[in-house]
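Below: the structure, in structure tokens.
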Amino acid sequence: MNGNKKVTEIFGTSVFNESVMRERLPKDTYKALKKTIDFGYPLQPAVADVVASAMKDWAIEKGATHYTHWFQPMTGKTAEKHDSFIEPTTDGRVIMDFSGKQLIQGEPDASSFPSGGLRATFEARGYTAWDCTSPAFIRDETLFIPTAFCSYTGEALDKKTPLLRSMEAINVQALRVLRLFGDEDTTRVLTTVGPEQEYFIVDKKLFQQRKDLIFAGRTLFGARPPKGQEMEDHYFGSIKERINEFMKQIDEELWKLGVLSKTKHNEVAPAQHEMAPIFSTTNIATDHNQLVMDVMIRVANRLDLACLLHEKPFAGVNGSGKHNNWSLSTNKGQNLLNPGDTPHENTQFLTFLAAIIAAVDEYAPLLRMSAANAGNDHRLGANEAPPAIISIFLGEQLTDIVNQIEAGELKACKDPGVLDIGVQTLPHFVKDVTDRNRTSPFAFTGNKFEFRMVGSSQSISGANIVLNTIVAEQLKRIADELEQADDFNGKLKEIITRLVKNHSRVVFDGDGYSDEWVEEAARRGLPNIKTTVEALTYFDEPASVELFTTHGVFTEGEIMARQEIMFEEYAKTINIEALTMIEMAKKEIIPACMDYATTLADSINTIRAASSAADISVQEDLLVKVSSLTAQAQAKLNGLLQVLEETVEIEEMEEKAAAYKDKVYAAMTELRKPCDELEGLVSEEYWPIPSYIDLLFRV
Ligand code: ADP
Ligand code: MG
């Protein structure tokens, strides 16, 4: 593919997007559908029939034979079951058929998806419901219809339903605030997201020789290579040809699917790269990010490469995250996190800013939880990208303004809806380009916030559900107070000053990686939640239940179910890792070490027999070291087997997850040590699995 014209020609060709709808749907149908998409009006069955038929014709012209309700179960992956359009006729032929009902609702057999006890197996049926706010698209020969996935009693069993609910919650509350500022025109407030996706690429042949990469997505053994990322020569470095081919092909596929893939570059660690799209509404950004991950894995495979989305594939070099750039936008495209050009707009900006600062401080544990999984435990707080302590970076200018507000320098003006902060208008904040802001988990970058804790393999849904809901809650409280106030401006001044004063402890512009910050954060009373297991315990606290139920994002039952699923997911992940380590140590590493020891022993015997004068101290020394480390490895392997046996027996899920963290994971670390040391001693030709050097530098 060459040239700009080609890109514009292929972009969105596999998507049933707005322009296709306008072209293919009767005017009335199009209008009715648009109302549903933009304002959530219910869709009439007759309209659905017309849309379904047009969608089917379009899809068949594009070579589709099947359709699928595409959904996002609690596994964090996507799910699809393909049905063909064929319908038999009485004379033994088939026609291609697709009804409104088939478009709107599906009934996948849901019994094998995690439900956290919400759906007992005997009533396993769940249903999928068309999410018309995210456009349908074609992959291979199938029409994909984005759907929400619920139980028959209406509980969400997926990651999309609560996300849509949280978008509605923040829409409602943000609109209330805008109305109070005299904005009568805005009809909808949307959250926008641009997720930057980091990943590693390794050679497929090497990948296939490592059971840990195959089963766990990360290396469970591996001695550090002589060179890591210390030369800082990979970040933004020249892109290798094979990688470039990969990036080119993912761009092509993503563009066809309407994904606004924009930026590609090498990341900090060797073999690490990043892709960033242009932002879109949260719902679509989330669907698209799922597609991005899927396309990456498939294209890599096609090119004899393997794409690693795990948060920490390699010890000793950076892991991968997903920067979740987040903002609020009106249906007219006004970014509410842009300071604006008038004092009025500035005041409104300060109101939203104060709400966000308060939300992040008050609900920091929930944000932390939204980025928690077993993989991310290796990153957060491990002296690379962000610490486990949630803080907000505002940049110099904005921090200055916040300090002024805290010092009581905010004045109410006579002009309605305008506050005076001593300057005429706020500056348009230029992005802070200093390095230090990279250490902040939640950074203001000019006209959006960047939540940097999310793990590279995670769905971004969880983080955005929490963000949307906690900000909705603060906006609700602000609107509640302002609606009762006689003196709008005086009240607003009081609220903003109070929020800033009460929550400024979360604002921190310094080095988030430093030990001083850990101490300082503790003095400020900021939580430092180090592990997934700890983070998950905040989900069902009364304040969290109150928050999510008030805004209709989760019912209490859904919270309990999700918490259970996440504990279980953690436990299962560590269990798989432990079993994989056992398998590799027992069948690959220890036997290889024994072979090598035998070779050393043979050499000693042979040389000794040949000449009593020969110096065999090297072999002898090595033999002693190798056999003693091999014995250690075996002992640690036995230790791991032992704790694993005990842990598997635990029934209660939270307790089980905690045991996997405290006991099993600890035993895994113990087993890794002698094995990695052995890798440094055993001759390369005996070592049974590709090394870090192979994986990181031989792509
Ligand atoms: P970087 O953070 O790497 O310096 P940018 O700031 O240019 O790069 O953009 C990072 C991501 O933020 C991109 O995906 C971009 O589309 C997204 N972004 C920009 N503006 C917004 C916004 N208003 N809302 C959400 N995401 C945004
Ligand atoms: Mg960024």
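Counting convention: from 1, in listed order, for ligands and their atoms alike.
- Counting atoms of ligand 1 from 1 in the listed order, those under 4.0 Å from a heavy atom of I278 are 16 (O).
- Numbered from 1 in the order shown, with element, the atoms of ligand 1 that lie under 4.0 Å from a heavy atom of G194 read 14 (O), 25 (C), 26 (N).
- Only side-chain heavy atoms of E196 come within less than 4.0 Å of ligand 1; its backbone N, CA, C and O stay farther off.
- Counting heavy atoms only, N335 comes closest to atom 23 (N) of ligand 1 of the residues T445, T263, N335.
- Salt bridge status for K34 with E18: present, with a side-chain N to carboxylate O gap under 4.0 Å.
- Evaluated for a salt bridge (charged side-chain N to carboxylate O under 4.0 Å, His left out) with E253, the options R302, R298, K248 yield exactly one hit, R302.
- Between the side chains of D38 and N331, no donor N or O sits under 3.5 Å from an acceptor N or O.
- Residue K448 places at least one N or O, backbone or side chain, under 3.5 Å from an N or O of ligand 1.
- Note: H344 and F181 have perpendicular aromatic rings, judged against thresholds of 30 and 60 degrees for the angle between ring planes.
- Of the polar atoms of A276, none of the N or O atoms is found under 3.5 Å from an N or O of ligand 1, judged by distance alone.
- In this structure the side chain of T263 reaches within 4.5 angstrom of the side chain of H265, judged on heavy atoms.
- The shortest N or O to N or O distance between N447 and ligand 1 is not below 3.5 Å.
- Residue-level proximity to ligand 1 for H323 is absent, since no heavy atom of it falls below 4.0 angstrom.
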- Chi angles and distances behind the side chain to side chain contact (heavy atoms under 4.5 Å, CB included) call for Y538, R368: CA-CA 10 Å; Y538 289 91; R368 169 67 183 87; over 6 Å; no
